[in-house]
Each structure stands twice: as C-alpha cells, then as structure tokens.
Amino acid sequence: MIVTVLLGLAAASLLGLGFVAQQHAAYTEPLGEMLHPRLLLDLIRKPLWLRGIAAMIFGQVLGALALQRADVARVEPLLATNLIFALAVAAVAYRERLGRREWLGAVLVSGGVAIFLLSGQPQGGGVPGSTSVVWVAILATLILAAVLVLVAVRAALPVKAMLLAAAAGTLYGIQDVLTRASLVTLERAGQGLTGLLTIWQPYTLLVVAVLGILLNQSAFDAAPLRVSLPATTAAEPVIGIVLGVAILGERLRVDPLALAGEVAGLIALVAGIVILGRSPFLAKSEQGTHRRPGRER
C-alpha cells in the first residue's frame, strides 16, 4: 500500500508540473484552433509544451504502475492531488508564499483523499471478458464527454474551458480504467504483448488518450489554468471510481458510516480542487503571455 501511495503521489507531482507547462504554451494559440488537430501540430513545435507532455507521460507511467498494484478506486484519489503540485510549482515560479486559501484547498484535497480511502477501503475487482455487457459503461461515458463538448462549442470562453476540461477529465477517467484492465490482462494472459493485441481495450486506450490531450489543450487554449484545470482534476477521479466499480467490480464498503465517509471525502476533494483552482497563483499564468494577432477575448 505504501508503495502504491508513493507511486500515486509521484505521478500526481509530474502531472501537475506537466499541466502548468502545457497551459503556458497552449494559451498563446489562436482560439480558432480549439478542438482542431492543428492545435496539437502547432504545440508539438514548442519546447515548453513538449517538456510538459514529457512530464505528463512520465506521470502516467508512474500512475500505470500504481494501477498495476492497486484498484482504480484506490489510485484515482491520489492522482487528483496533481493540482496541489501545480499550485506549488506556480508559487515557486512566482516566488510568493501560499495564503490561507491555498492551505485550505490543500487540506481539503489531501484530507478528502485520506477520508475516502479510510472509509471506502476499496478492494477486489477483476477484468470482465472483452465481450461482457458491462463495457457498455465506457460507451455511456464517451457519450457524456461528447455532450459536454457539444454544449461547450456554443458557450462563452470561461464556461467553454470548464466544459472541455471536464470532458478531458472524463476521458482520463476512462483511460485509467482501460489502463488497469490492459495491465491485468497482460499479467494473466501469459502471452506477453501478443495477448494485448487480440483485445480491443489497448486500441481504445490510445484513441481516448489522444482525444483527452486534444480536449485538455483546447481548454488550456480557452482560459487560464485556474479555470481550465480544476474541472479536469475533479472529473477524472469521479469517473474513474464509478467505472472501476461498474466495470471492474471493485468493491467499496457500503455500511452507513462508510458511505457517509466516502461521500464526505469526495465532497472535500472536489471542494478543495475548486478552491485551489481559484488561487491567484494559477491566475498568474495569464500574465506575461501574449496572444497571436487577431485574438479576441
């Protein structure tokens, strides 16, 4: 368990660092490139964005190692602490001390994670067959993400950023469940990578990962980090936990006291993410950043 926690926190730190770098690069891109593959083609030529992506990839690798050792419901809350690390990076970059708001948000996020894990004690679960009906939950969640994107298209920029970020977090939650499923299948198949090539989950994982990155960069393009990151960080653990229970059969304690603790933990986690997302440190990502000519805000 200790190793899993350390892997999860290390992954969250790299994810937070990567998100800060990505947003600084994406925010300078034209608004017309949102939701267009051209956005990624432009960003891939920016060293800062590439460093941010590299940090995120290493974070995802560590997250995958954590998911290999533990259930999704146990790992997701740990990954949600990435916003704390993003805040810390911003504070160091701007050489300012954290205020009461930041400490409150940090306590709520870390406390929410601890309360959820202690109350729910998630365990068990397995990977259903590739043709099992429970995988329809993935399709339902993809539809949810699509609806968020469709609503975002017609929304004002701040709302657009939040909805796109929530859609990205939804896809990241799917990605975490598919990662767990693929790794468990790899261990049990006894055929190495060959066994993975015969099931659909790894291919879906790649598509979902790319779409998640596009949505996330579009959210970063639309608004500063304080607007575009919290929704991603809140949606990913919620979706991941729900799908972990629905698809992988992971079990949480369901007695009244445990349920109260689980709900309280998730509420504290989401509230802390929202508070941290409104930190002035994250708002400073707007400063010193210049749009390309013709941008409208």
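What you see is a predicted model, and the numbers here were worked out from it, not measured in a lab. Values below: every heavy atom of this structure, side chains too, minus hydrogens, waters and symmetry copies.
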Q: Not counting sequence neighbours, which residues clear side chain to side chain donor-acceptor pair (under 3.5 Å) with Q217? List them please.
A: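 With neighbours one apart ignored, the set is Q22, W49.
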Q: Side-chain donor-acceptor pairs under 3.5 Å in residues 11-19, sequence neighbours left out?
A:
| from | atom 1 | to | atom 2 | distance (Å) |
| --- | --- | --- | --- | --- |
| S13 | OG | A10 | O | 2.6 |

Q: Measuring from atom OG1 of T4 to atom CG of L9, what distance do you get when rounded to the nearest 0.5 angstrom?
A: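 CG of L9 is found 10.5 Å from OG1 of T4.
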Q: So, are R251 and D71 salt-bridged, with charged N and O less than 4.0 Å apart?
A: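 Salt bridge: no.
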Q: Using the rule that two of Ile, Leu, Val, Met, Phe, Trp, Tyr join whenever any of their side-chain heavy atoms come within less than 4.5 Å, decide whether L211 and L178 are in one cluster.
A: yes
Q: Under 3.5 Å, which donor-acceptor pairs do the side chains of residues 126-133 form with other protein atoms, sequence neighbours left out?
A:
| from | atom 1 | to | atom 2 | distance (Å) |
| --- | --- | --- | --- | --- |
| S132 | OG | V134 | N | 3.4 |

Q: Please step through side-chain contact (heavy atoms from CB on, under 4.5 Å) for the pair N216 and Y172, ending with a clear verdict.
A: CA-CA 10 Å; N216 215 11; Y172 288 155; 3.2 Å; yes
Q: Without placing hydrogens or testing angles, list every side-chain donor-acceptor pair under 3.5 Å for residues 55-70, not counting sequence neighbours.
A:
| from | atom 1 | to | atom 2 | distance (Å) |
| --- | --- | --- | --- | --- |
| Q68 | NE2 | E187 | OE2 | 3.1 |

Q: If you round to the nearest 0.5 Å, how far is CD1 of I247 from OG1 of T141?
A: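 Separation between the atoms: 6.5 Å.
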Q: Rounded to the nearest 0.5 Å, how far does CG of L276 lie from CG of L87?
A: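 Here the interatomic distance stands at 5.5 Å.
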Q: Rounded at 0.5 Å granularity, tell me how far CG in L214 sits from CG in L39.
A: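 L214 CG to L39 CG: 6.5 Å, rounded to 0.5 Å.
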Q: Considering residues at least two apart in sequence or located in another chain, which fulfil the side-chain contact (heavy atoms from CB on, under 4.5 Å) criterion with A264?
A: none
Q: Between P237 and L269, what is the shortest heavy-atom contact and its length?
A: CG-CD2, 4.3 Å
Q: May I ask whether I138 and V184 are part of the same hydrophobic cluster, defined by side-chain heavy atoms of I, L, V, M, F, W, Y residues being less than 4.5 angstrom apart, directly or through others?
A: yes
Q: For D176, check side chain to side chain donor-acceptor pair (under 3.5 Å) against everything at least two apart and list the hits.
A: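 Partners of D176 by the side chain to side chain donor-acceptor pair (under 3.5 Å) criterion come out as none, since no residue qualifies.
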Q: Give the cluster check for F116 versus L7: same hydrophobic cluster or not, with ILVMFWY residues linked at side-chain heavy-atom distances below 4.5 Å.
A: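 Different hydrophobic clusters.
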Q: Any pair with a residue in residues 61-89 that passes ring-ring contact (aromatic ring centres under 6.0 Å, His included), sequence neighbours left out, goes on the list, sorted by first then second residue, please.
A: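 Not a single pair qualifies under ring-ring contact (aromatic ring centres under 6.0 Å, His included).
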Q: Determine the minimum heavy-atom distance between T81 and L78, stating which atoms define it.
A: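 Taking T81 first and L78 second, the nearest heavy atoms are OG1-O, 2.6 Å.
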Q: With ring-ring contact (aromatic ring centres under 6.0 Å, His included) as the rule and sequence neighbours excluded, what pairs involving residues 126-161 come up?
A: W135-W200
Q: CD of E76 to CZ of R180: how many Å apart, nearest 0.5 Å?
A: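 Between atom CD of E76 and atom CZ of R180 there are 12.0 Å.
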Q: Sequence neighbours left out, what passes side chain to side chain donor-acceptor pair (under 3.5 Å) with E236? Give chain and number order.
A: none
Q: Under a 4.5 Å cut-off applied to non-hydrogen side-chain atoms, are T28 and D221 in contact?
A: no
Q: Could you name each residue pair satisfying salt bridge (charged side-chain N to carboxylate O under 4.0 Å, His left out) that touches residues 255-267, not counting sequence neighbours?
A: R253-D255
Q: Which heavy-atom pair separates A73 from L252 by the least distance, and what is that distance?
A: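 Distance-wise, the nearest heavy atoms are CB-CD2, 4.2 Å.
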Q: First locate atom CD1 of I241, then atom CG of L248, and finally report the distance between them rounded to the nearest 0.5 Å.
A: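 The distance works out to 12.5 Å.
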Q: Tabulate below the donor-acceptor pairs under 3.5 Å that side-chain atoms of residues 100-114 make, not counting sequence neighbours, or state none.
A:
| from | atom 1 | to | atom 2 | distance (Å) |
| --- | --- | --- | --- | --- |
| R101 | NH1 | R278 | O | 2.7 |
| E102 | OE1 | G99 | N | 2.7 |
| E102 | OE2 | S279 | OG | 2.9 |
| S110 | OG | A106 | O | 2.7 |
| S110 | OG | V107 | O | 3.4 |

Q: Compile the donor-acceptor pairs under 3.5 Å between side chains in residues 147-171 and protein atoms, sequence neighbours left out, one pair per line.
A:
| from | atom 1 | to | atom 2 | distance (Å) |
| --- | --- | --- | --- | --- |
| K160 | NZ | A152 | O | 2.9 |
| K160 | NZ | V153 | O | 3.0 |
| T170 | OG1 | A166 | O | 2.8 |

Q: Grouping I, L, V, M, F, W and Y whenever their side-chain heavy atoms are under 4.5 Å apart, do I115 and V245 come out in a common cluster?
A: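 No, I115 and V245 fall in different hydrophobic clusters.
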Q: Which residue is it: K46, R38, R45? I am looking for the one with a salt bridge (charged side-chain N to carboxylate O under 4.0 Å, His left out) to D42.
A: R45
Q: If you take all heavy atoms of I44 and L41, which pair is closest and at what distance?
A: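 Taking every non-hydrogen atom into account, CG2-O, 3.1 Å.
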Q: Where do S182 and Q201 come nearest, in terms of heavy atoms and distance?
A: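 The answer is OG-CB, 4.0 Å.
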Q: Can you see which heavy atom on L229 is nearest to which on A86, and at what distance?
A: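 Shortest heavy-atom separation between L229 and A86 comes out as CD2-CB, 4.2 Å.
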Q: Decide whether L266 and I84 are clustered together by the hydrophobic rule: side chain heavy atoms of Ile, Leu, Val, Met, Phe, Trp, Tyr closer than 4.5 Å, transitively.
A: yes
Q: Report yes or no: does E250 contribute a side-chain atom to a donor-acceptor pair with the main-chain N or O of V72 at less than 3.5 Å?
A: yes
